[in-house]
Amino acid sequence: MPMIQPVRGTRDFYPEDMAFRQWLNNQIREASTQFGYQEFDGPFLERLELYAAKSGDELVKEQSYVFPDRSGSMIALRPELTPSLARMVAQRGKGLTLPLRWWSFGPFWRYERKQKGRSREFFQWNIDLIGVDTPEADAELVAVAATLFRNVGLTADMIRIKVNNRRLAEKQLQKIGIQGELLPTTFRLIDRQDRMTPDAWKSYALESGLKEEQFTGLMKMLKDLDAWKTSPEMLQYFKAAEALGADEYLDYDPTIIRGLDYYTGTVYEARDVKGNHRSILGGGRYDDLVSVVGGNPIPGTGFAMGDVVFGLVLDENGIKPDLRVSPTDILITTFEEGGESSSIQISTELRDAGYRVEWYPEPVRLQRQFKYADRNEIPLVIIIGPDEIESDKVSLKDMVSGEQVSFDRSDLLTRIRNRLVG
RNA sequence: GCGAGGGUAGUUCAGUGGCAGAACGCGCGCCUGUGGAGCGCGAUGUCGCGGGUUCGAAUCCCGUCCCUCGCCCCA
């Protein structure tokens, strides 16, 4: 029988992969909770309409896994979390004590062509601050991200967070006569600049309805790295970021505008400095999302970070953690067959004392058993063979130092507790 | 949906018409109850699948499936 293919775009998590996923989850939990954020999660399945309400065109029509359930309702595997969050907030309505600081780490699905940094099934960290519309709130989110980066060893010369503000951009565009219907078009245009050649981009701009002088104005605007100084909101934002210790990662970048329609203020994304990867995280302020799903308007700000690019960037910078896969503290060697062997008895005794213990499940050559302990980086090995049983002793080997001692079996727990032999 | 490159041992790959290979990993021995380093020995396999050309195909031709990378979109 031929091997059945895994579903395209999914990943198998072997123990070593699972160790990384769990490590990432822990790092995310650590950074989030340091700022008082509470963990939550939405369902993995949602009604399709929830996404149709906002995320709009591409994400819903082209990239969602959609299927009818047995009652005929159209169901989607969640492609993002923000609409669920908005729904959950709207549902509880006034019962919630604002502001809300919520975070989540879980799986998402997008039906797209697999490529570097992108898979169809991926994990994402979402974190949001809801109920406040101050620049300080936006700055806090970036500070949480910066905390994670620092904790895992990603320094400011490895990655940058590029920030802009849509209200500022709107104001600037207004000055060159771009407003109304031309505004979203121009945002999309800005978003695509780095993916097109200058010539192609220019003709795309003119086709989109920009006049020649507006195009020139736009070019000038995208090169003005001081424009943020004209925005009180951004001045306040950068000041807060500095107080929060996050400014070392931050750059103002007028070309950052972001594709999603619901952003209203601050927008940002983190990229690796070398530019070898897609964005590590992206987010911003959305001030009327909750009302879209039927609640009272509540402002919010937050971002999402995918696990795939994050892992690639850690790897490239040589700071991906070397994680131990086996949880075992102590391996008990086995010499004899039979259910009542001393090996099993000792393993139970040590487990009752709170240690993580495994016994070698068959009496193979000792060499194999030690090799097994070595490969799994098990720090301690107990040898209990005919010699030990006859003299009522136990031998203990420290796999790191290589030292081995023999002592009375009755001393076992004390000797283990003291760990280092001698 | 469009474009490019691939598929040979567990893994990474070499092999372009004539015996199916290397490295790493794995197993065994040196070492009768002791891992990591070294040396020696050993096992690897539907050459993605189907068809065709040929005395002979991993190699050439046709078809097909799958993987990777890019475009689109995005974490």
Side-chain angles (χ1 to χ4, degrees), chain A residues 1-11 14 24 28 55-64 78-82 104-127 145 188 191-192 194-197 200 258-261 263 268-272 276-284 302-313 331 333-336 360 363-390 393 395-406:
Chain A
M1 170 149 168
M3 198 149 11
I4 291 173
Q5 297 280 341
V7 173
R8 188 200 300 255
T10 60
R11 289 169 293 165
Y14 287 91
L24 179 59
I28 284 168
S55 319
D57 45 339
E58 179 98 14
L59 192 55
V60 181
K61 290 193 190 112
E62 311 287 343
Q63 297 197 340
S64 291
R78 63 179 188 184
E80 59 165 336
L81 187 62
T82 311
S104 182
F105 181 73
F108 295 86
W109 295 266
R110 287 185 195 174
Y111 194 86
E112 64 185 327
R113 197 79 193 174
K114 199 196 174 306
Q115 51 191 300
K116 198 177 181 188
R118 289 291 177 267
S119 56
R120 289 182 169 183
E121 182 179 60
F122 57 97
F123 282 77
Q124 201 177 66
W125 173 32
N126 282 267
I127 179 162
R188 203 159 306 125
D191 194 45
R192 284 187 192 165
D194 60 345
R195 297 197 289 263
M196 300 174 81
T197 65
R258 303 204 43 80
L260 290 167
D261 295 335
Y263 290 120
Y268 50 94
E269 57 187 58
R271 306 294 293 248
D272 67 300
N276 293 339
H277 302 282
R278 291 154 202 285
S279 68
I280 297 161
L281 65 81
F303 65 81
M305 183 186 90
D307 67 321
V308 184
V309 175
F310 192 77
L312 290 172
V313 173
L331 175 77
T333 57
T334 295
F335 285 76
E336 41 180 334
Y360 205 90
V364 296
R365 304 180 326 122
L366 253 200
Q367 195 179 29
R368 286 259 311 262
Q369 305 192 33
F370 271 93
K371 196 167 214 166
Y372 175 83
D374 184 49
R375 293 292 142 83
N376 286 290
E377 297 177 76
I378 298 171
L380 292 173
V381 173
I382 283 176
I383 303 101
I384 174 93
D387 296 352
E388 283 81 4
I389 289 169
E390 193 181 344
K393 284 183 175 281
S395 296
L396 174 67
K397 180 162 181 173
D398 182 316
M399 294 297 283
V400 180
S401 67
E403 282 176 282
Q404 183 173 324
V405 284
S406 186

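Naming: A, B, ... by sequence-line order, numbering from 1 per chain.
For the pair Gln369(A) (side chain) and Val364(A) (backbone), a donor-acceptor distance under 3.5 Å is present. Using modelled atom types, one side-chain atom of Thr197(A) and one backbone atom of Ala200(A) make a donor-acceptor pair closer than 3.5 Å. Counting only distance, with no hydrogens or angles, the side chain of Arg78(A) and the backbone of Pro107(A) share a donor-acceptor pair below 3.5 Å.
Arg118(A) comes within contact range of at least one nucleobase, with a heavy-atom separation under 4.0 Å. Val400(A) comes within 4.0 angstrom of a nucleotide base, judged by non-hydrogen atoms across all strands. If you check every strand for non-hydrogen atoms under 4.0 Å, Ala304(A) touches sugar and phosphate atoms only. Counting non-hydrogen atoms under 4.0 angstrom, Pro79(A) reaches nothing in the nucleic acid. Gly402(A) comes within contact range of at least one nucleobase, with a heavy-atom separation under 4.0 Å. Within the 4.0 angstrom heavy-atom criterion, base atoms lie near Asp387(A). Nucleic acid contact for Thr334(A): none, since no nucleic acid atom lies under 4.0 Å from a heavy atom of the residue.
Mapping Met399(A) and Ile280(A) onto RNA chain B by nearest heavy atom places Met399(A) closer to the 5' end of the strand. Projected onto RNA chain B by closest heavy-atom contact, Ser279(A) and Lys114(A) fall at different nucleotides, the more 5' of which corresponds to Lys114(A).
Between Glu269(A) and Arg271(A) there is a salt bridge, since a side-chain N of the basic residue sits under 4.0 Å from a carboxylate O of the acidic one. A salt bridge does not link Asp272(A) with Arg278(A): none of the charged nitrogens is closer than 4.0 Å to a carboxylate oxygen.
Under the 6.0 Å cut-off for aromatic ring centres, Phe123(A) and Phe108(A) do not qualify, their centroids lying 6.0 Å or more apart. Checked against the 6.0 Å centroid criterion, the rings of Phe310(A) and Trp125(A) do not qualify as a close aromatic pair.
Nucleotide G45(B) forms a pair with no other nucleotide shown, judged by Watson-Crick or G-U wobble geometry with both contacts under 3.5 Å. Nucleotide G70(B) has C2(B) as its partner under the Watson-Crick or G-U criteria, with both atom distances under 3.5 Å. As the counterpart of G56(B), no nucleotide is assigned, since no Watson-Crick or G-U wobble pattern has both distances under 3.5 Å. Look at G10(B): its Watson-Crick or wobble partner, with both distances under 3.5 angstrom, is C24(B). A 3.5 Å limit on both hydrogen-bonding distances identifies G38(B) as the Watson-Crick or G-U partner of C30(B).
Nucleotides G70(B) and U59(B) have their P atoms positioned 30 Å apart, rounded to a whole Å. Rounded to a whole angstrom, the distance from the C1' atom of C65(B) to that of G50(B) is 10 Å. The gap from the C1' atom of A23(B) to that of C66(B) amounts to 26 Å, rounded to the nearest Å. Nucleotides A20(B) and C67(B) place their P atoms 30 Å apart, quoted to the nearest Å. Annotation: G51(B) and C28(B) have their P atoms spaced 41 Å apart (nearest Å). Taking the C1' atoms as reference points, U8(B) lies 31 Å from C71(B), given to the whole Å. For the P atom pair drawn from C13(B) and C69(B), the interatomic distance equals 13 Å after rounding to whole Å. Rounded to the nearest Å, the gap between the P atom of G52(B) and that of C19(B) is 23 Å.
No hydrogens or angles were tested; on distance alone, nothing pairs the side chain of Arg110(A) with the base of C74(B) as donor and acceptor under 3.5 Å. With hydrogens and angles ignored, no donor-acceptor pair under 3.5 angstrom links the side chain of Glu112(A) to the base of C74(B). If you check distances only, the side chain of Gln367(A) never reaches the base of G29(B) with a donor-acceptor pair under 3.5 Å.
Straight-line distance from the CD atom of Glu388(A) to the C1' atom of U34(B): 11 Å, rounded to whole Å. Remark: C1' of G29(B) and CZ of Arg365(A) are 9 Å apart, rounded to the nearest angstrom. Arg258(A) places its CZ atom 12 Å from the C1' atom of C73(B), with the value rounded to the nearest Å. Atom C1' of nucleotide A37(B) and atom NZ of Lys371(A) are separated by 12 Å, given to the nearest angstrom. Between the CD atom of Glu336(A) and the C1' atom of G33(B) there is a distance of 14 Å, rounded to whole Å. Computed from coordinates, the Met196(A) CE to C71(B) P distance equals 13 Å when rounded to whole Å. Atom CZ of Arg120(A) is separated from atom P of C74(B) by 17 Å (rounded to the nearest Å). Between the CD atom of Gln115(A) and the C1' atom of C72(B) there is a distance of 9 Å, given to the nearest Å.
For the side chain to side chain contact (heavy atoms under 4.5 Å, CB included) with Phe370(A), the lone residue among Ile378(A), Leu331(A), Val381(A) that qualifies is Val381(A).
The side chain of Lys116(A) has C69(B) as its nearest neighbour among A75(B), C69(B), C66(B). With G35(B), G33(B), A75(B) as the choices, the nucleotide that has an atom nearest any side-chain atom of Leu366(A) turns out to be G33(B).
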Each nucleotide of nucleotides 3-10 of chain B classed B (base within 4.0 Å of a protein heavy atom), S (only sugar-phosphate) or -, in 5' to 3' order, makes --------
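Between Phe335(A) and G33(B), no base-stacking contact is recorded for ring centres under 5.5 Å apart and planes less than 30° from parallel.
OP1 or OP2 of C71(B) lies within a sub-4.0 Å distance of a side-chain N or O belonging to Arg278(A). In this structure, Arg375(A) does not reach the G25(B) phosphate: none of its side-chain N or O atoms is under 4.0 Å from OP1 or OP2. The phosphate of G35(B) has neither OP1 nor OP2 within less than 4.0 Å of any side-chain N or O from Lys397(A).
Cation-pi geometry between Arg110(A) and Phe122(A) is not satisfied (NZ or CZ under 6.0 Å from the ring centre, within 45° of the ring normal).
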Stepwise, does the side-chain hydrogen bond (donor to acceptor under 3.5 Å, both in side chains) test hold for Ser395(A) with Glu388(A)? CA-CA 7 Å; Ser395(A) 296; Glu388(A) 283 81 4; 2.7 Å; yes
_Working note: Glu112(A) + Arg118(A), criterion side chain to side chain contact (heavy atoms under 4.5 Å, CB included); need CA distance, chi angles, decisive distance, verdict._
CA-CA 8 Å; Glu112(A) 64 185 327; Arg118(A) 289 291 177 267; 3.9 Å; yes
